[in-house]
Protein chains: 2
Amino acid sequence: MATIYEVSELAKVSLATVSRVMNGNTRVSEKTRDRVLCAMKELDYRPNSIAQSLASNRSNCIGLLVSEIHGPFFGQMMSGVETELRAAGKHVIITTGHSEEDKEKDGIEFLISRNCDAIILHVEAVSDEYLVELSKGKTPIYLISRHVGELPDNCISLDNELGGFIATQSLIEKGHRNIAYLAGPQYKADAIARLQGHKRALSENNIAINEKLIFEAEFKEQGGIEGLRYFLQGKAAFSALVCANDEMASGAMTYAREHNLHMPKDLSVIGFDNVVFAPHLYPKLTTVDNPVNKMGSMAAKLVLKDVYQQEQHDIQQLFEPSLIMRDSVAEFS
Amino acid sequence: MATIYEVSELAKVSLATVSRVMNGNTRVSEKTRDRVLCAMKELDYRPNSIAQSLASNRSNCIGLLVSEIHGPFFGQMMSGVETELRAAGKHVIITTGHSEEDKEKDGIEFLISRNCDAIILHVEAVSDEYLVELSKGKTPIYLISRHVGELPDNCISLDNELGGFIATQSLIEKGHRNIAYLAGPQYKADAIARLQGHKRALSENNIAINEKLIFEAEFKEQGGIEGLRYFLQGKAAFSALVCANDEMASGAMTYAREHNLHMPKDLSVIGFDNVVFAPHLYPKLTTVDNPVNKMGSMAAKLVLKDVYQQEQHDIQQLFEPSLIMRDSVAEFS
DNA sequence: TTGTAGGCGTTATCAG
DNA sequence: CTGATAACGCCTACAA
């Protein structure tokens, strides 16, 4: 593999000049530039990115921590980050945190030790304080789908309250008034906000909040099953069910079918996130789209702008969810 | 950030000695080692991985090329690779090929230019010849879910023929004899092998092959829809449908339902791959498990063994699929 | 067992 | 605009 030195010899210029034409920041005369370019071509020269990193104190790699590498939600997110960053010639190192505090911290350590120029995090278990502390370190951090008050410029988040509102509002517009709400764990910020949105929709439509129609469970299939079982055993009637995410919705739908509830005739169901399997469910799940892919690419743009000083327009830090209508919701009759 | 030099000063030894205790390959006396370790701890020393790479000509990073970063299938695969490699302190750079020749080559170039110590590929569009040529380069390559005759030691693959056989055989054992087969694109090796397995199952059970009950389509939902429409319009009767992958199965199931075919009563359906949404389908899809996660981790082990000379036992290059029974197949009556 | 010194391929800071 | 030359932080013969 040819080195910059060989190129300089062939082009009869100094090392420095070759470096200059590569980086293009300093002016080089037309002729010498051409000579250098020719020499590079002839030798099929490729810069050694590691040597560049060492000399420039830049690794050109960005760390990305997600809860799980598999899983539909994170797939979209990673995809957004990678596409954007690769186009800029940067590379992405992906690792996992499994939503557990120790593992998240461990993953962050790993990424920092790899000399990443910045790290993009989707962390759930770690505290705000920890993140604030972390942000004082040498490696810049960016957060996806989480808002930390002290780090307003480093967060990309979703308006979960609005999402919760939209879901319930859409049901009300279809004539439903007795709406059960299956909430996510109330120590997670997004789960809290979604529930608030639901309550706001009820209030704005003058529907009293019935605590018996609210149940908290895990963001998983099993949570959906437990939730619907709870509501069905209760004495409060309801014609629609809002689930705080699609996995819960999937579980609830399975349970509903096993109990001979026809959807959407007997029960309308709406989810949240619009993960890949949502359109595969039966009936196809109406849900609130969570633009994770865009949020991922936006986090990447933020890094490009802050860390690499690349011009970026249209930086957007708060995203809005939108309704995806499919077949799991019917007009109330 | 402390450097090796500062550590050496504090421990009153030379640079070389510090380097030795880090790498642990050369013998160092107990006392000096302790002194060095103490100094490292005191300074909170972290080796600069980039400098290590430059000096040792190792980047400690492995490139991974998949068709799509999102997508259930690849999620499992990436996850397998990452887990194994991270445990070994290596890092993974992931990029995409989108099943298009140009993009796959481009992605490979990208990875090589990043100085990866090895690259693990899941490529579909690129030719065997290209891969053989590529393997002669400086960067070792490993293939997942593909078998190239000339590179027997660098391939991790699935016995697709056996998978095809298992699927059809399981149906036959349930009493089905008129079995439609929805094949994948017959320029893809796995699609071809799966179909062969199907035919072998028929032969071994003395069932004549009816060409009217074989249809080729894309490995997607749409392919499933087209396939079932074709079979339904044909005059050949059938009680079961084998799909060459789960996405096709999903499409076929949607189409079946729209045409009032009750599953599994009127029609048994079986898929292939066991992707995440398979258990979410209605009815829950019976399918052939494709152990991509294990294959990913095995590819990583192969790299650890070949490239980093780490002892590895239980290297396995050919994997066997297995049947996952759920609710989409019924006894023929 | 330990130390010395040269080098890995670039970038960046000076002069010229 | 161009050329020396010193970093960058670590590894690894070679010597001692």
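Residue numbering restarts at 1 for every chain, and letters A, B, ... go by the order of the sequence lines. Heavy-atom basis, side chains included; hydrogens, waters and symmetry copies ignored.
Looking at Asp273(B), its side chain never comes within 3.5 Å of a backbone N or O of Val275(B) through a donor-acceptor pair. The main-chain N or O of Arg58(B) is never found under 3.5 Å from a side-chain atom of Asp117(B) such that the two would form a donor-acceptor pair.
As rounded to whole Å, 11 Å separates atom C1' of dC8(D) from atom CG of Asn115(A). For the pair Leu54(A) CG and dA6(D) P, the computed distance is 17 Å after rounding to whole Å.
In this model, no donor atom of one side chain and acceptor atom of the other lie less than 3.5 Å apart for Ser157(B) and Gln317(B).
Ion pairing between Glu101(A) and Lys105(A) holds under the 4.0 Å rule for side-chain N and carboxylate O. Taking a cutoff of 4.0 Å between a charged side-chain nitrogen and a carboxylate oxygen, Glu133(A) and Lys136(A) qualify as a salt bridge.
Running 5' to 3' along DNA chain C, contacts with non-hydrogen atoms of chain B at under 4.0 Å begin and end at dT1(C) to dG9(C).
Annotation: salt bridge (charged side-chain N to carboxylate O under 4.0 Å, His left out) contacts of Glu42(B) (sequence neighbours excluded): none. Contacts of Gln312(A) classified as side-chain contact (heavy atoms from CB on, under 4.5 Å), with partners at least two apart in sequence or in another chain: Lys301(A), Leu304(A), Lys305(A), Gln310(A), Ile315(A).
When the C1' atoms of four end pairs are superposed on the next four at each end of the helix from dT1(C)-dA16(D) to dG16(C)-dC1(D), using five pairs per end, the two resulting axes differ in direction by 30°, to 10°.
Heavy atoms of Asn23(A) sit under 4.0 angstrom from primed sugar atoms or phosphate atoms, though from no base atom.
For the atom pair OH of Tyr45(A) and CG of Leu37(A), the computed distance is 12.0 Å after rounding to the nearest 0.5 Å.
Within residues 13-21 of chain B, the residues having any heavy atom under 4.0 Å from DNA chain D are, by residue number, Ala16(B), Ser19(B), Arg20(B). Contacts between residues 30-51 of chain B and DNA chain D, defined by a heavy-atom separation below 4.0 Å, involve Tyr45(B), Pro47(B), Asn48(B), Ala51(B), listed by number.
For the pair Asp314(A) and Met298(A), the minimum side-chain heavy-atom distance is 4.5 Å or more.
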